[in-house]
Asks: 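Dumping the structure here so I can ask a few things about it.
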Amino acid sequence: MGQKLLMKGNEAIAEAAIRAGCLHYFGYPITPQTEISHYMAKKLPKVGGVFLQAESEVAAINMVYGSGSTGTRVMTSSSSPGISLKQEGLSYIAGSQIPAVVVNIVRSGPGLGGIQPAQSDYFQSCKGGGHGDYRQIVLAPSSVQELYELTVEAFNLADRYRMVAMIMGDGNLGQMMEVVEFRNEEPIEHYDKQWATVGHENSREQNVVTSIHLNPAVLEKMNLDLQEKYRVIKEKECRYEIYNQDADIFIVAYGIVARIAKSVIEMAKDKGINVGLLRPITLWPFPDQAFDQVIDKAKAFLTVEMSSGQMLEDVKLALNGRKPVYFHGRMGGMVPARDDIMKEIRNIYNLHVKND
Amino acid sequence: MAIVFQKPKALKDTPMHYCPGCTHGIAHRLVAEALDELDIEGKTIGIASVGCSYNSYDYFGCDMIQAPHGRAPAVATGVKRSKPDNVVFTYQGDGDLAAIGTAEIVHAAARGEKITVIFINNTIYGMTSGQMAPTTLLNQYSTTTPYGRIADQHGFPINVCEMLATLEGPAYIERVSLHDVKHIKKAKQAVKKAFKVQIANKGFSLVELLSTCPTNWGLSPVESLKRVEDDMIPHYPLGVFKGKDLEV
């Protein structure tokens with residue numbers, strides 16, 4: 001590893017993108033992710049890149065669609081209400097199979113909501129926020145270091161599968177400062193983008209980037225191809241962390257909440273309760289197999305989210321009734337407190353572990 | 001024997017789906033002739049929009065991208081900024097450009113994006129079957145103005161060229177008509193100039209082509225051409241609105 005820098009989460013994302021070879025950025029201002037734009041506006045012109053402040057989120061995602069169609073590594077970033085506006089573009093990008101990286105530094109909703117952190121865009125990000133049967137890879141970092149590493153990885157995943165890879169952080173992660181240790185060289189994957197619309201130069205057939213197929217049989221085939229791609233991704237690209245594998249009770253949490261969970265685990269240990277953490281790093285594909293690794297010993301699971309319980313549904317699907325699942329969530333920009341989570345753990349312990 | 005007239009190279013040999021008497025075919029031809037004569041098809045990227053010309057990539061031979069409704073200027077911006085040495089054009093109708101895509105066209109023009117916009121104004125939504133467009137004339141019938149467009153209820157038609165010409169960004173804006181041979185010849189020069197402006201890196205260029213929609217106007221092709229001359233040109237005067245003295 002190389003240089004160490006104290007950085008804001010948002011800046012780490014921007015720096016990671018540039019290191020990953022993304023020199024083209026299109027965005028629109030929205031709190032709490034504006035530092036990404038500021039960083040790009042300052043740095044990109046100096047390295048021969050393109051920074052453009054679009055007239056809207058809608059325009060920004062379509063600029064990404066155009067730039068990505070030429071095979072260029074490209075990114076946009078926003079926060080929840082802005083990401084809602086991008087859904088049309090995200091659906092087109094999915095249908096046209098264009099690689100792009102999109103950052104969502106989630107704030108609380110619904111509506112204009114607030115600027116405090118939340119995880120309430122899980123459904124929108126993981127279940128297809130726009131129209132049509134599509135998915136996007138959703139990566140959920142839980143530290144500034146991971147914001148950097150997963151952003152680099154997002155560009156490789158986007159190129160590898162020709163689709164959107166989304167970094168889903170939250171207002172906390174975007175704004176907090178931590179030390180980041182950068183690699184001397186980034187593991188950039190290179191792909192031959194023969195599909196790109198860069199002008200045929202009279203030397204090959206026309207390339208067309210499109211998502212419209214009025215013949216239903218052709219459109220169904222296109223959908224089947226997409227679903228096959230998603231199947232492969234689900235098989236190969238699930239990422240997760242299991243902490244304290246032999247635990248009796250598992251907290252399932254991602255992003256900043258997983259950090260809180262780790263300190264709850266320490267509190268529980270002092271009280272003689274054996275608690276572990278199952279942290280999905282890819283929210284889509286959701287790492288179902290991680291649950292199989294702990295299910296034999298685990299007595300119960302507690303999902304903790306900054307939402308009304310969105311990932312909770314995927315946890316229940318993964319467990320498929322095999323073990324009890326509990327939930328603790330806060331909304332509106334409130335962050336789950338350690339003591340409150342500990343209270344839930346104690347209840348679960350009394351119900352499922354104590355007299356076992 | 002010498003060939004005096006043939007299909008432009010930049011048009012594919014695909015039968016067009018446009019209705020009889022529709023001027024899209026002529027507009028396509030003018031764009032393709034410009035690509036041929038400037039020898040730029042190989043480095044051109046076209047942006048198809050949403051509307052009757054959603055699949056213009058089936059007719060144009062250059063590389064193309066199909067854009068969401070109204071977003072073609074934003075998609076074109078992304079392409080041009082990432083590939084500044086390529087030639088980039090959008091092909092958009094009046095519903096696409098002047099209603100749902102108003103923000104995108106205004107800001108692409110204001111930024112002076114070095115793209116060329118081919119703007120088809122036939123005063124109606126064609127593909128969705130004849131609804132009122134922002135360009136629909138007062139008293140004009142449409143499926144959503146069955147009693148005619150009434151200013152008090154539906155507002156007034158938008159003159160896109162005049163509106164965009166108030167901006168500093170555009171280098172060249174002209175309105176032409178496709179209703180007869182004389183005007184088609186003029187239109188051809190305008191389309192070609194718009195591409196030359198882009199190649200010369202002068203800035204944003206837009207050509208509005210007054211066009212027909214016999215199917216949704218409920219007129220014959222000949223009556224439609226006459227309507228362009230009699231009803232549309234008085235409201236949408238022809239001419240250069242920006243870049244009159246621009247030499248390229």
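Each chain gets a letter, A, B and so on, in the order the sequences are listed, and its residues count up from 1. This is a predicted model, so every value here is computed, not measured.
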Asks: Just checking Asn215(A): does its CG atom have more than 12 heavy atoms from other residues, nucleotides or ligands closer to it than 6.0 angstrom?
Replies: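 For Asn215(A), atom CG is crowded (more than 12 foreign heavy atoms under 6.0 Å).
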Asks: Using atom types as modelled and distance alone, determine if a side-chain donor or acceptor of Glu104(B) lies under 3.5 Å from a backbone N or O of Val58(A).
Replies: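 Not a single qualifying donor-acceptor pair exists.
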Asks: If we define contacts as heavy-atom pairs under 4.5 Å, which of Thr210(A), Ile98(A), Asn207(A) has the most with chain B?
Replies: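 Of Thr210(A), Ile98(A), Asn207(A), Asn207(A) has the most heavy-atom pairs under 4.5 Å with chain B.
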Asks: Check whether Glu201(A) gets within reach of chain B through its side chain, its backbone, both or neither, counting any heavy atom under 4.5 Å.
Replies: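 Its backbone and side chain both get close to chain B.
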Asks: Measure the spacing between OG of Ser96(A) and CD of Gln66(B) and express it to the nearest 0.5 Å.
Replies: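 The CD atom of Gln66(B) is 7.5 Å from OG of Ser96(A), to the nearest 0.5 Å.
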Asks: Run the numbers on Tyr92(A) and Arg71(B) for side chain to side chain contact (heavy atoms under 4.5 Å, CB included), then give the verdict.
Replies: CA-CA 11 Å; Tyr92(A) 274 71; Arg71(B) 319 296 175 222; over 6 Å; no
Asks: Against chain B, label His200(A) side chain, backbone, both or neither, depending on which of its atoms sit under 4.5 Å from a heavy atom there.
Replies: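 Interface part for His200(A): both.
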Asks: Flag the one option from Asn62(A), Thr70(A), Val64(A) with the top tally of heavy-atom pairs under 4.5 Å to chain B.
Replies: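 Among Asn62(A), Thr70(A), Val64(A), the one with the most close pairs to chain B is Asn62(A).
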Asks: Does Val198(A) offer a backbone N or O that forms a donor-acceptor pair with the side chain of Asn86(B) under 3.5 Å?
Replies: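 Present.
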Asks: Would a 4.5 Å heavy-atom cut-off, applied to side chains only, mark Thr77(B) and Leu52(A) as touching?
Replies: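 With C-beta onward as the side chain, the pair touches.
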Asks: When you measure from the side chain of Gln206(A) to the backbone N and O of Cys62(B), does any donor-acceptor pair fall under 3.5 Å?
Replies: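 Answer holds: yes.
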Asks: Which atom names give the shortest non-hydrogen contact between His24(A) and Ser82(B), and what distance separates them?
Replies: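 Nearest pair, atom of His24(A) first, then Ser82(B): ND1-OG, 2.8 Å.
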Asks: Could you have a look at Lys12(B), Lys43(B), Arg111(B) and say which one has the most heavy-atom pairs with chain A under 4.5 angstrom?
Replies: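 Heavy-atom pair counts peak at Arg111(B).
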Asks: Which atoms of Val87(B) come close to chain A, meaning under 4.5 Å heavy atom to heavy atom: side chain ones, backbone ones, both, or neither?
Replies: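 Interface part for Val87(B): neither.
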Asks: Between Ile61(A) and chain B, which part of the residue has a heavy atom less than 4.5 Å away: side chain, backbone, both or neither?
Replies: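 Looking at Ile61(A), nothing touches chain B.
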Asks: Counting only heavy atoms not in Lys193(A) (residues, nucleotides, ligands), do more than 12 fall under 6.0 Å from its NZ?
Replies: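 Enclosed.
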Asks: Can you tell which part of Thr72(A) gets under 4.5 Å to a heavy atom of chain B, answering side chain, backbone, both or neither?
Replies: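 Answer is side chain: those atoms of Thr72(A) sit under 4.5 Å from chain B.
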Asks: Is it the backbone or the side chain of Leu23(A) that comes under 4.5 Å from a heavy atom of chain B, or both, or neither?
Replies: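 Neither part; nothing is under 4.5 Å.
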Asks: I need the Asn202(A) CG to Asp39(B) CG distance, nearest 0.5 Å.
Replies: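 Here the interatomic distance stands at 7.0 Å.
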Asks: Looking at every heavy atom in both Ala59(A) and Ala74(B), which two are closest together, and how far apart are they?
Replies: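 Reported closest heavy-atom pair: O-CB, 3.6 Å.
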Asks: Around atom OH of Tyr28(A), are there more than 12 heavy atoms from other residues, nucleotides or ligands closer than 6.0 Å?
Replies: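 No - once you tally the heavy atoms of other residues, nucleotides and ligands closer than 6.0 Å, there are 12 at most.
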Asks: Give a yes or no on this: more than 12 heavy atoms of other residues, nucleotides or ligands lie within 6.0 Å of atom CD of Glu162(B).
Replies: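 It does: Glu162(B) CD has more than 12 such atoms within range.
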Asks: Is Lys9(B) atom NZ crowded by more than 12 heavy atoms from other residues, nucleotides or ligands, each under 6.0 Å away?
Replies: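 At most 12 heavy atoms, drawn from other residues, nucleotides or ligands, come within 6.0 Å of this atom.
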Asks: For the interface with chain A, which of Gly78(B), Ala48(B), Ala72(B) has the highest count of heavy-atom pairs at distances below 4.5 Å?
Replies: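 The residue among Gly78(B), Ala48(B), Ala72(B) with the greatest pair count is Gly78(B).
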Asks: Answer with side chain, backbone, both or neither: which region of Ala60(A) has an atom nearer than 4.5 Å to a non-hydrogen atom of chain B?
Replies: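 No part of Ala60(A) comes within 4.5 Å of chain B.
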Asks: Do Tyr65(A) and Ile65(B) come close enough that some side-chain heavy atom pair is under 4.5 Å?
Replies: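 Sidechains of Ile65(B) and Tyr65(A): in contact.
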Asks: Is it the case that atom CD in Glu228(A) sees more than 12 heavy atoms from other parts of the structure closer than 6.0 Å?
Replies: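 Check passes, neighbour count above 12.
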Asks: Could you tell me whether Leu167(B) atom CG has more than 12 heavy atoms of other residues or ligands within 6.0 Å of it?
Replies: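 Yes - once you tally the heavy atoms of other residues, nucleotides and ligands closer than 6.0 Å, there are more than 12.
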Asks: Just checking Lys221(A): does its NZ atom have more than 12 heavy atoms from other residues, nucleotides or ligands closer to it than 6.0 angstrom?
Replies: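 No.
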Asks: Hey, does Leu214(A) have a side-chain heavy atom less than 4.5 Å from the side chain of Tyr54(B)?
Replies: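 A side-chain contact under 4.5 Å exists here.
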Asks: Check each atom of Val50(A) against the heavy atoms of chain B and say whether the ones under 4.5 Å are side chain, backbone, both or neither.
Replies: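 Just its side chain gets close to chain B.
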Asks: Quick one: of Val88(B), Asn55(B), Val79(B), who has the most non-hydrogen atom pairs under 4.5 Å with chain A?
Replies: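 Ranked by heavy-atom pairs under 4.5 Å with chain A, first place is Val79(B).
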Asks: Heavy atoms only, distances under 4.5 angstrom: which of Ser69(A), Ser203(A), Gly68(A), Ser67(A) has the most pairs with chain B? Name it, please.
Replies: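 When all of Ser69(A), Ser203(A), Gly68(A), Ser67(A) are compared, Ser67(A) has the most.
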